[in-house]
Amino acid sequence: KSKSIFNYKFPIDGKVVILLGIESEGIPAGLLQVLDDCVEIPQFGILRSLNVHVSGAILIWEYIKQLAMKSDNTITGTGAPN
């Protein structure tokens, strides 16, 4: 079951692998079975497809944002709570 990127908290203290599927087919079923988490980027409207490079950029941006917020919170005591 996928988790919305709006509510997903990346594991900041460990290693993260972002696996992107083929645009027309997605991630192969065999690989889905070995994932710890599956993150979805919700979309509105009739079309439910983003280019794979756009999806990757959104996920990396969110990961870096959370990492930066964690770093700010740890070092200075500021930033968003975890």
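Just so you know, these numbers use all the heavy atoms, side chains as well, and skip hydrogens, waters and symmetry mates. The first residue of the sequence shown is numbered 1, and numbering continues consecutively from there. For clarity, every value in this text was computed on a predicted model and none was experimentally measured.
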Subject >> Heavy-atom pair with the smallest gap, counting every atom of Gly56 and Leu20 >> reply: CA-CD1, 3.7 Å
Subject >> Distance in Å, Ile12 CD1 paired with Leu67 CG, rounded so as to fall on 0.5 Å steps >> reply: 5.0 Å
Subject >> From CA spacing to verdict: side-chain contact (heavy atoms from CB on, under 4.5 Å), Ile58, Leu50 >> reply: CA-CA 10 Å; Ile58 291 169; Leu50 290 173; 4.1 Å; yes
Subject >> Any donor-acceptor pair under 3.5 Å from Glu40 side chain to Ser2 backbone >> reply: no
**OP:** Would you please indicate yes or no on a ring centroid separation below 6.0 angstrom for Tyr8 and Phe6?
**Re:** no
**OP:** Would you mind reporting whether Val39 and Ile18 have side-chain heavy atoms less than 4.5 Å apart?
**Re:** no
**OP:** Find out whether Asn7 and Ser4 are in side-chain contact, i.e. whether some heavy atom of one side chain is under 4.5 Å from a heavy atom of the other.
**Re:** yes
Original post:
When hydrophobic residues are tied together by side-chain contacts of less than 4.5 Å, even through go-betweens, does Leu19 share a cluster with Ile60?
Top reply: no
Subject >> Single hit among Val16, Ile64, Ile5 for side chain to side chain contact (heavy atoms under 4.5 Å, CB included) with Leu59 >> reply: Ile5
Original post:
Distance from Ile27 atom CD1 to Gln33 atom CD, nearest 0.5 Å?
Top reply: 12.5 Å
**OP:** Tell me whether Leu32 is reachable from Val52 by hopping between hydrophobic residues (I, L, V, M, F, W, Y) whose side-chain heavy atoms are closer than 4.5 Å.
**Re:** no
**OP:** Measure the CH2-CD distance between Trp61 and Gln66 for me, rounded to the nearest 0.5 Å.
**Re:** 9.5 Å
Subject >> Asp37 and its side chain to side chain donor-acceptor pair (under 3.5 Å) partner, picked from Lys9, Lys1, Lys3 >> reply: Lys3
